Amino acid sequence: MTPHLSSLRIDALVLGALDAAESTAARAHLEACPGCRDAVAATRAACQRFERAVLRQRVPPLARPRRLWVSLLAPALALAALVVVARRHEPSVSVKGGPALHVVAKRGESVFPVEPRARLRAGDQLRFAVEPAGWTYLAIGSIDAAGHASIYYPSQRLPTGTSVTLQASIVLDAAPGPERICALFSRAPLSAAEVLHALVAGGGTQISLTFEKEAP
Amino acid sequence: MTPDRLTVLYRTYGPIIFARCVRLLGDDAAAEDATQETFLKIQRHLDRAPDAREALAWIYRIATNTCLSELRRRHLRPELRERLPEPADARAENALVDRDLALRIILHLPQKLQIVAWLHWVDGLEHTEVAAVLGISRRTVINRLQAFRERARKFGARVA
C-alpha cells in the first residue's frame, strides 16, 4: 500500500485542490486504507459543521473570537416563555415613533426582561424581539469592553409583523465588563463588513442597550 | 482592508481550516476560536496572501501556528483521535510509540522546530510538502528535523 495520506493531502482532496493525477492517486490509496477513509470522512463532517454553524450565519472573520454561542436549538418551552415575557413588557430600548428592541434573559428557570445597565452573568441566555416600525432588514451585534465587535444576527429580511421574535439566541461568555448590544435596521441587506463598521462607528438606524457582565 | 478578498478566502478555506483546527485542538469550540484567530491574522497580512493553489499552504501555516500557540497555552497534549494508525504489527507499534513520543516533546522545543516537527511527524507531510507550507527549502526542513531529533535526544527521548 502507498504511504498514508498526509493531513494536507486529505484537506486538499476534500477542498478539491488536488490535480487530476494527485486526486487519482489519493483515491486509490483510500480504496485500500480504512484509516485514511475515516480521516477524510471526519474532515468532511467538520467542514459541514462549520458551514452549518458559522458560514450560514454569515459571521465574518473580523470579530475577535468570543465564547458566544448562537443556538438555534433553544428548547421549545424556553422559547415560548421568552416570547411571552418579551410581549408582556415594555421594550428594553426604543426610538420614539421608530423601532424597538426587546432583550430577554433566561437564567436557570428564571426569565426576565433586560433593561439598560442590567447586570447579567456568563451563561445567561439572551433572546431578542423587535418592533421594526416599517424597517425591513435587521442585524444585531455587540461591542465588548475591549471594543471588539461581533455579529449575533446577520442582516436579514424581517418577517412581516409589528413584533418579531428572532429564532436565534446567544449565551453570554465569561468575559467581564460592559457590553453594548446594537440592533441595526435598514431597508436593504447589509454586508457583514457594513454591519461591523456601523457597530463600531455608529450611524444608520440603530438602537443599543448596554449591560454589565459579572464574573460567573 | 479588502473585505471582499477576505470573505472569499473565509468562505473557501474556512471550513477546511476549521476541520484542521478540530484535528489539532480536539473540540469544535476551541477550533472555531482558532479559525477566527487564523482569519484575523490573515486580515492583517492580506496584502501578502498568495493566489489559488499556494493560498491553502499559506493559510495552513497560519492555522497550524495558531493551534500550536493554543496548545502551548493550554500545556495540553493534543489528541490525535483520527490519525493514529492501528498497531497491526511491531513496526506500526513502534511508529505509534514514536509518534506519541514526538507529540509529547514537540511542545517543549523552540517554535521554529515545533511546526516542522508537527507537520512532518504528526500530520505526515513529506519534506517537500512541509517546505511548501512553510515557504522554506527542503534542505532547511531536513536540517530542522535533524535539530529536532538532537533536541529530542537531549530529553532522553527516542524519535525515529
Side-chain angles (χ1 to χ4, degrees), chain A residues 1 3-19 22 33-70 148 150-151 171 173 190-197, chain B residues 1-4 6-7 9-24 28-43 52-53 55-57 59-60 63-64 66 70 80-86 88 95 118-120 122-126 129-130 132-133:
Chain A
M1 191 166 69
H4 288 296
L5 301 180
S6 70
S7 299
L8 179 63
R9 199 146 285 245
I10 286 170
D11 291 346
L13 178 71
V14 170
L15 200 59
L18 293 180
D19 65 29
E22 291 169 332
C33 180
C36 285
R37 275 203 303 275
D38 287 350
V40 169
T43 302
R44 288 213 166 99
C47 286
Q48 285 164 2
R49 289 201 301 281
F50 186 81
E51 283 162 3
R52 275 198 306 272
V54 180
L55 282 190
R56 286 190 194 167
Q57 305 287 331
R58 296 201 295 148
V59 176
L62 300 173
R64 271 221 162 260
R66 314 282 319 287
R67 293 218 178 263
L68 271 165
W69 296 90
V70 175
H148 297 131
S150 308
I151 296 179
V171 175
D173 65 6
L190 302 175
S191 70
E194 287 169 324
V195 171
L196 286 170
H197 183 264
Chain B
M1 187 173 70
T2 316
D4 288 346
L6 187 65
T7 301
L9 288 172
Y10 189 59
R11 287 193 169 278
T12 307
Y13 298 105
I16 206 74
I17 291 305
F18 172 75
R20 168 144 189 78
C21 295
V22 170
R23 223 157 36 216
L24 267 72
D28 281 16
E32 199 173 312
D33 283 355
T35 304
Q36 294 277 337
E37 190 71 45
T38 297
F39 280 89
L40 273 169
K41 290 176 184 167
I42 288 169
Q43 182 191 357
R53 200 179 160 86
L56 176 62
I59 295 174
Y60 216 77
T64 305
T66 302
E70 169 63 14
L80 286 183
R81 288 179 295 193
E82 301 141 21
R83 298 292 296 144
L84 285 175
E86 289 295 319
W118 190 282
L119 290 171
H120 181 62
V122 181
D123 287 330
L125 271 63
E126 294 167 4
E129 289 179 309
V130 176
V133 166

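We name chains A, B, ... by the order of the sequence lines, and we start the count at 1 in each one. Values below: all heavy atoms of this structure, side chains included; hydrogens, waters and symmetry mates excluded. Small disclaimer: the values here were computed from a predicted structure and weren't measured.
- Contact annotation for A:Ala12: both backbone and side-chain heavy atoms come within less than 4.5 Å of a heavy atom of chain B.
- In this structure the side chain of B:Leu119 never reaches within 4.5 angstrom of the side chain of A:Leu8, judged on heavy atoms.
- The shortest heavy-atom contact between B:Gly124 and A:Ser6 is O-CB, 3.2 Å.
- Partners of B:Phe18 according to the ring pair (Phe, Tyr, Trp, His ring centres under 6.0 Å) rule, which considers only residues two or more places apart in sequence or in another chain, are A:Phe50.
- Here the shortest heavy-atom pairing between B:Leu125 and A:Ser7 reads CD1-N, 4.2 Å.
- Expressed to the nearest 0.5 Å, how far CG of B:Asp123 lies from CG of A:Asp11 amounts to 8.5 Å.
- The distance from the CZ atom of A:Arg9 to the CD atom of B:Glu126 is 6.5 Å, given to the nearest 0.5 Å.
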